[in-house]
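Encoded as C-alpha cells, the structure appears first; notes follow it.
In this text, all values refer to a predicted model and were calculated from it rather than measured experimentally.
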Amino acid sequence: MGDDLLDDFIRADRERGLGIYGVHLHREGQEPVERRVRSDDRVNLYSVAKTFTSVALGLAEAEGRLTVEDRLLDHFPELRPLAAPGVEDVTLRHLLTMTSGTSHEWFADQRVDAADLLHEIVAAPLAAAPGTRFAYTDSGPYAIGRVIARTTGADLRAYLLPRLFAPLDLHNPAWHTCPLGYPFAASDLFLRTHELARFARLLLQDGVWQDRRLLPAAYLRRMTADPADTSAITEGERFTYGYGLGVWLDRSGMYRMDGRYGQYAVICPDARAAVTVTAHSECEVDLLEAIHTLVVDRLG
C-alpha cells in the first residue's frame with residue numbers, strides 16, 4: 001500500500017511538475033518506503049529549521065535553563081537601553097509563535113549588515129502589542145537561538161549535536177550562521193530526506209528514539225496546544241489552522257514542519273505515520289495539497 005501511494009505521488013510530480021527531490025513514508029509497525037527523483041543530497045530545509053530550534057528550546061527548558069514564558073530582555077538585560085517601547089513584554093513564546101508584534105522583517109537569505117542582528121531586532125518598533133498579531137519572520141527564531149547560546153554556553157547547533165543530531169545519526173549537519181557565528185535558527189539547516197524523516201519519526205513517537213527519550217513529551221504536546229491565530233492567511237487553507245511552537249497545525253490533529261520550496265514533514269498522530277518531502281518547488285501549495293490528497297488522506 002505504501003509503495004502504491006508513493007508511486008502515485010511520484011507520477012503526479014512528473015505530470016504536474018511539482019519539483020520533488022524525494023519522499024519518505026514512515027508508518028508505525030511497517031518498513032519505511034522512500035522514492036527518489038534525484039540523488040539524496042543534503043538540501044537547505046529553510047523554515048523546517050524552526051522546528052529544530054523549537055525543540056532545542058524545549059530541551060533547555062527541561063534542563064532548567066529557561067522557560068518558554070521568559071521575557072527576551074531578561075536574558076539580555078544589557079540590551080534594555082536599545083529596546084523599542086513594549087519589547088520588554090516580548091516572551092520566548094511570542095518569538096517562536098510569530099506573535100512578538102515586531103515590525104522587524106528579516107529572512108535568512110537576506111544579507112545581514114547590522115553589527116549584531118539581535119540588537120537590530122530589539123530596537124525595531126513594535127507594530128502590535130505582543131501576543132495580538134501573527135506575522136511570519138525569521139527574526140524571532142533567530143533571537144531564540146541567541147537565548148539558547150546565552151543560557152547554555154553553546155550555540156544552537158553545538159547544543160543539539162549531543163542531544164538530538166548524534167542520537168538520530170545526523171552526522172555533522174551544516175547550519176549557516178550570521179556574521180557573528182550564530183546559526184540562523186530559522187533557516188539554512190541542511191539535511192537529506194531520510195535524515196529529516198528520522199526527526200519527523202521522533203516527533204511522531206513523542207520524543208522517544210530506540211527506547212531512549214530524547215525530547216520532553218510535555219513540551220511536544222505544548223507545541224500544538226495553544227497556536228497563534230492564522231485564519232487571515234490567504235496563501236492556502238492549510239495555513240489557516242494555526243501556528244504553534246515552530247510548527248503549522250492542520251486538521252485532525254496533524255501538524256507539519258514547513259520550509260520554502262517544498263520542504264515538508266507532515267506528522268499524522270491518528271494514522272501513526274509521518275510523510276517527509278524535500279523538493280525545489282515553484283508551486284509549494286500545490287505540492288502540499290498533493291502530499292495530503294495522494295498520501296496522507298489515503299493512509300486509512
About how many Å separate [atom2] of [Y] and [atom1] of [X], when rounded to the nearest 0.5 Å?
X	Y	atom1	atom2	result
D270	R251	CG	CZ	13.0 Å
L287	I20	CG	CD1	5.5 Å
T240	D250	OG1	CG	8.5 Å
I291	F9	CD1	CZ	4.5 Å
D89	T91	CG	OG1	9.5 Å
W209	L215	CH2	CG	11.5 Å

Q.
For Y142 and H104: C-alpha separation, side-chain torsions, deciding distance, then whether side chain to side chain contact (heavy atoms under 4.5 Å, CB included) applies.
A. CA-CA 12 Å; Y142 173 80; H104 191 269; over 6 Å; no
Q) Does NZ or CZ of R256 fall inside the cone over F239's six-membered ring, less than 6.0 Å from its centre and within 45° of the axis? A)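 Positive - R256 is close enough to the ring of F239 and near enough to its axis.
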Could you tell me whether R157 sits above the aromatic face of F165, with NZ or CZ closer than 6.0 angstrom to the six-membered ring centre and within 45 degrees of the axis?
->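 No, R157 and F165 do not form such a contact.
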Going by an N to O cut-off under 4.0 Å, is there a salt bridge joining [X] and [Y]?
X	Y	answer
D138	K50	yes
R221	D226	no
E34	R192	no
R238	D258	no
E289	R16	no
E284	R260	no

Any side-chain heavy-atom pair from [X] and [Y] closer than 4.5 angstrom?
X	Y	answer
F76	E78	yes
L59	L160	yes
P173	L161	yes
Y182	L117	no
S47	M257	no

Identify whether [X] and [Y] are in the same connected component of the hydrophobic contact network (ILVMFWY, side-chain heavy atoms under 4.5 Å).
X	Y	answer
V37	L5	yes
L202	M254	no
V33	V266	yes
L214	L204	yes
L156	F52	yes

Provide the closest heavy-atom pair for [X] versus [Y] in the form atom of the first, atom of the second, distance.
X	Y	answer
G58	P216	O-CG, 3.7 Å
V87	A124	CG2-O, 4.3 Å
T278	Q263	CA-OE1, 3.4 Å
R36	T193	NH1-OG1, 2.8 Å
N44	F190	N-CD2, 3.3 Å
S100	L126	O-CD2, 3.8 Å

Does the side chain to side chain contact (heavy atoms under 4.5 Å, CB included) test come out yes or no for T51 and L203, once each step is laid out?
CA-CA 10 Å; T51 313; L203 297 185; 4.2 Å; yes
Q) Side-chain donor-acceptor pair under 3.5 Å between Y219 and S54, yes or no? A)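 Side-chain D/A pair, Y219 to S54: present.
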query: Just checking, any donor-acceptor pair under 3.5 angstrom between side chains of E28 and H26?
result: no
### Query
Does a sphere of radius 6.0 Å around CD in E69 hold more than 12 heavy atoms from other residues, nucleotides or ligands, not counting ones at 6.0 Å or beyond?
yes
Over 12 non-hydrogen atoms of neighbours within 6.0 angstrom of CD in E105: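 No.
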Item to complete: Could you give me the CA-CA distance, side-chain angles and deciding distance for V48 and F199, then say whether side chain to side chain contact (heavy atoms under 4.5 Å, CB included) is met?
Response: CA-CA 11 Å; V48 165; F199 182 54; 5.7 Å; no
Using modelled atom types and a 3.5 Å cut-off, is there a donor and acceptor pairing between side-chain atoms of [X] and backbone atoms of [Y]?
X	Y	result
T230	G242	yes
S281	L18	yes
E61	V68	yes
R163	A56	no
R133	T102	yes

- Task: Applying side-chain contact (heavy atoms from CB on, under 4.5 Å) between M223 and each of L249, L57, L245, I267, report the one that passes.
- Result: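 When L249, L57, L245, I267 are each tested with M223, the side-chain contact (heavy atoms from CB on, under 4.5 Å) holds only for L245.
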Tested for salt bridge (charged side-chain N to carboxylate O under 4.0 Å, His left out) against R35, the lone hit among D13, D8, D7 is D7
Practice task
Test side chain to side chain contact (heavy atoms under 4.5 Å, CB included) on Y21 and D41 and set out the steps.
Solution key: CA-CA 9 Å; Y21 288 165; D41 304 313; over 6 Å; no
- Ring center gap for Y241 and W248 short of 6.0 angstrom: no
**Request:** Indicate the ring-plane relationship of W106 and F184, choosing parallel, tilted or perpendicular according to the 30° and 60° boundaries.
**Result:**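 W106 and F184: tilted rings.
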